[in-house]
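All remarks here apply to the structure that follows.
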Amino acid sequence: MSSTETDLAQAALQTFDQVVQSSDGFRGRAGQRRMAEQVAHTFSSAQLGKPEGDNVAPLRAIAVIQAGTGVGKSLAYCAPAIALALARNTRVLISTATVALQEQLVNKDLPALAAQLTQPFNFALAKGRGRYVCKLKLERLAGTGEAHDEDEGDLFPEEAFAARPQHETEARLQFYAAMAQTLSSGAWDGDRDSLDTPPELEVWSPVAAEGATCTGKHCPAFNQCTYYDKRKELVGAQVIVANHDLLLSSLGARMLPELDNCLLVLDEAHHLPAIALGQFACSMDLSRLNWIDRLASRSLRIGQMVQVPEIADIARHASQLRQHLQDLAKLVMDVYGEALRQPAPRWGGPNSKPPPSRVRVPRGELPEALLEPLTQLSLHANGFLECLRAISKALRAEMRDKPDEARRLSQLYAQIGMLAPRLEHASDTAQLLLQHAPDDAPANYVPPAKWFTLELDGDFILVKAHASPILPGAALRRHLWSSVRGAVLTSATLTSCGEFDFFMHESGLHGDDAATTLEVASPFNYAAQGTLIAAETHAEPREAARFTAEMVEALLHDLAQVKAGALVLFTSREQLRKAVDALPTALRACVLVQTALPRTQLLARHRERVADGLVSIIFGMQSFGEGLDLPGQLCESVFITKLPFAPPDDPVGEARAEWLRAVGRDPFSELVVPATAMRLAQWAGRAIRTEDDQAHIYCYDKRLTRTSYGQRLLSGLPPFTLVRRPAL
């Protein structure tokens with residue numbers, strides 16, 4: 001480090017020290033300061049902005065920091081990062097995986113820090129535009145917008161009310177009218193999350209401020225737009241709190257600070273690889289194709305109005321696109337129909353909706369018969385998209401030249417934009433499905449995962465095509481790390497089986513010279529505070545029925561000893577259902593089931609019951625295995641019914657395992673065990689939340705102590721006192 005960088009780092013660390021010392025109830029934490037020191041060092045050495053000289057590569061600095069529970073990592077990164085950003089005249093972008101942490105940062109941590117720093121700073125929360133209402137759409141659906149000529153058409157009735165009974169349509173219209181009234185009165189700010197009861201996605205989607213339907217500054221409602229009001233707040237903020245989905249989906253869109261000129265913090269970073277795969281996967285519907293005709297009709301009508309010559313090709317592209325999608329659906333059923341008609345394994349209870357049946361394409365090598373319709377589909381989808389781009393460009397020019405007609409033109413733009421993403425999905429999916437290993441492909445070529453699904457929607461049979469990259473690290477290297485100069489990635493679980501290797505590969509940072517790792521231990525005395533009870537069963541976990549019956553019997557025996565709050569984590573809905581069915585009357589009144597209540601209501605009721613001195617036991621699925629902070633009596637016991645291996649229905653995981661085997665590697669040891677180790681560490685981490693907690697963790701899967709990979713899983717857990725209990 002240069003002397004300037006050293007001075008910056010020391011000043012940032014001094015700011016952290018001052019904040020800690022002035023905090024009420026201060027407890028000195030060596031690990032927290034060590035983390036703050038690493039953050040200061042990393043962010044002071046990263047070179048931001050345009051490098052000096054055309055051929056000079058900027059110095060990048062990336063720190064991967066595992067900070068155990070209780071370290072206080074948000075203060076450890078916020079204080080030095082913000083001090084450095086203010087000193088370097090740049091900004092901090094904090095990205096999280098959950099809304100809960102975003103809200104904690106914006107509503108608690110950052111206001112407290114702002115009150116203690118001598119230099120003021122502004123902070124703001126960034127959400128995707130789809131979280132905000134589009135005033136123009138809402139006015140139309142609520143019947144409060146201005147009427148215009150017939151050419152404008154009725155805006156999105158099929159998207160909002162398709163195939164719905166009359167009473168449901170009327171109820172939804174009333175809902176939109178009430179929403180519009182609340183917005184116009186100022187009682188609601190237009191943010192979906194601030195509604196007392198946020199509507200379901202299918203109700204919200206027709207009024208969401210999506211990019212494809214937005215004309216920005218040309219919109220007549222621009223000055224009253226909630227989304228753009230929030231965007232203005234971001235402009236003046238030195239600290240922006242976003243989430244991983246938004247970060248990855250907005251790369252290159254200039255919504256968030258430029259990554260080569262800001263300090264990036266990724267909290268809950270263990271989620272980043274999975275979110276990246278979700279962002280870069282794609283799918284298309286091969287069965288419901290009426291949208292193509294509607295999009296063609298709207299495009300032709302509007303293209304004629306704005307005199308776009310490209311509309312001469314729309315009818316041909318639309319007709320051919322529909323034809324090749326139909327051909328593809330027929331061929332998929334010819335090739336895979338027998339397998340697709342087999343019912344998929346049911347993971348829920350007997351009354352749950354059956355999941356889609358699925359067939360994955362081995363090695364990503366599509367049958368020859370599917371290649372020609374896919375090629376033609378891609379060709380005509382791209383041609384259709386070119387026509388839409390020409391119409392979009394012409395509409396924007398008209399808005400600029402005819403501001404008095406902006407409302408009408410904006411609604412025309414939205415009519416096309418509402419359906420255009422489906423065309424983009426078809427184009428993207430076709431291109432990824434067509435990707436194959438060239439004749440001169442390198443030995444390490446990695447094919448994408450490709451699969452088809454079939455499901456029933458009422459009387460309709462729906463066939464869909466899907467494709468996804470299988471290595472998140474490769475996607476992140478290409479799309480994210482190529483732009484980042486300074487970053488800190490942190491979580492309580494970044495090591496797997498005691499090593500960083502798995503996460504470094506998954507996140508795309510393995511072999512990156514700019515990346516360093518640091519493990520900061522929790523201040524908790526796990527051996528004294530926590531007991532891990534490895535409770536065995538006679539049945540092997542692979543003997544599902546026998547194991548579940550025996551596990552439930554042991555679980556009920558142990559639940560009878562609970563005195564306050566407890567959490568039981570299940571790996572399948574069927575397992576949960578059988579445990580609920582077996583509850584004796586005395587325990588039934590104590591149990592809160594995840595599937596019976598919204599998460600926030602369930603947790604509030606749990607806290608109330610424990611506060612009243614009652615026993616309260618949460619039965620939860622995998623989503624309850626992380627993010628829950630239930631200190632003290634709220635969670636004195638955690639029960640892990642089975643090791644949390646991913647369910648065997650993930651086509652991307654299957655494709656990746658297939659590729660690993662093809663190149664002579666072991667997917668179980670290299671992929672399955674490390675991923676399970678991180679998940680298990682998260683689950684066990686629900687038990688000890690403060691220095692004063694005392695808790696028991698029960699695991700009923702004897703593979704934890706009886707197998708070599710179980711020993712690897714144990715090595716990744718905190719050093720609880722281990723007690724082995726033979727089968728009852």
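Enclosure of atom CZ in Arg542 is not indicated, since only 12 or fewer non-hydrogen atoms of other residues, nucleotides or ligands lie within 6.0 angstrom. At most 12 heavy atoms of other shown residues, nucleotides or ligands fall within 6.0 angstrom of atom CD in Glu338.
Taking the charged nitrogens against the carboxylate oxygens, Glu691 and Arg29 do have a contact shorter than 4.0 Å, which makes a salt bridge. In this structure, Lys702 pairs ionically with Glu540, as a charged nitrogen and a carboxylate oxygen lie closer than 4.0 Å. Between Asp666 and Arg661 there is no salt bridge, since none of the side-chain N atoms of the basic residue sits less than 4.0 Å from a carboxylate O of the acidic one. Looking at Glu654 and Arg358, a side-chain N of the basic residue comes within less than 4.0 Å of a carboxylate O on the acidic one, giving a salt bridge. Electrostatic pairing of Arg609 and Asp612 does not count as a salt bridge here, judged by no charged N lying under 4.0 Å from a carboxylate O. Of the charged side-chain nitrogens involved, none lies within less than 4.0 Å of a carboxylate oxygen, so that Asp701 and Lys642 do not count as a salt-bridged pair. The pair Arg706-Glu536 counts as a salt bridge, with a side-chain nitrogen and a carboxylate oxygen less than 4.0 angstrom apart. Salt bridge status for Arg131 with Asp193: present, with a side-chain N to carboxylate O gap under 4.0 Å. A salt bridge is defined here as a Lys NZ or Arg NE, NH1 or NH2 lying under 4.0 Å from an Asp or Glu carboxylate O, and Asp629 with Arg686 fails to meet this definition.
Ring planes of Tyr709 and Phe668: perpendicular class, angle over 60° (limits at 30 and 60°). Ring geometry, Phe639 versus Tyr698: the interplanar angle falls under 30°, so the pair is classed parallel (tilted spans 30 to 60°).
At a cut-off of 3.5 Å, with distance as the only test, no side-chain donor of Arg577 or Ser572 sits close to an acceptor on the other residue. Under the 3.5 Å distance criterion, with hydrogens and angles disregarded, a donor-acceptor pair is assigned to the side chains of Glu626 and His271.
Geometrically, Arg725 does not engage Tyr700 in a cation-pi contact, judged by NZ or CZ lying under 6.0 Å from the ring centre and within 45° of the ring axis.
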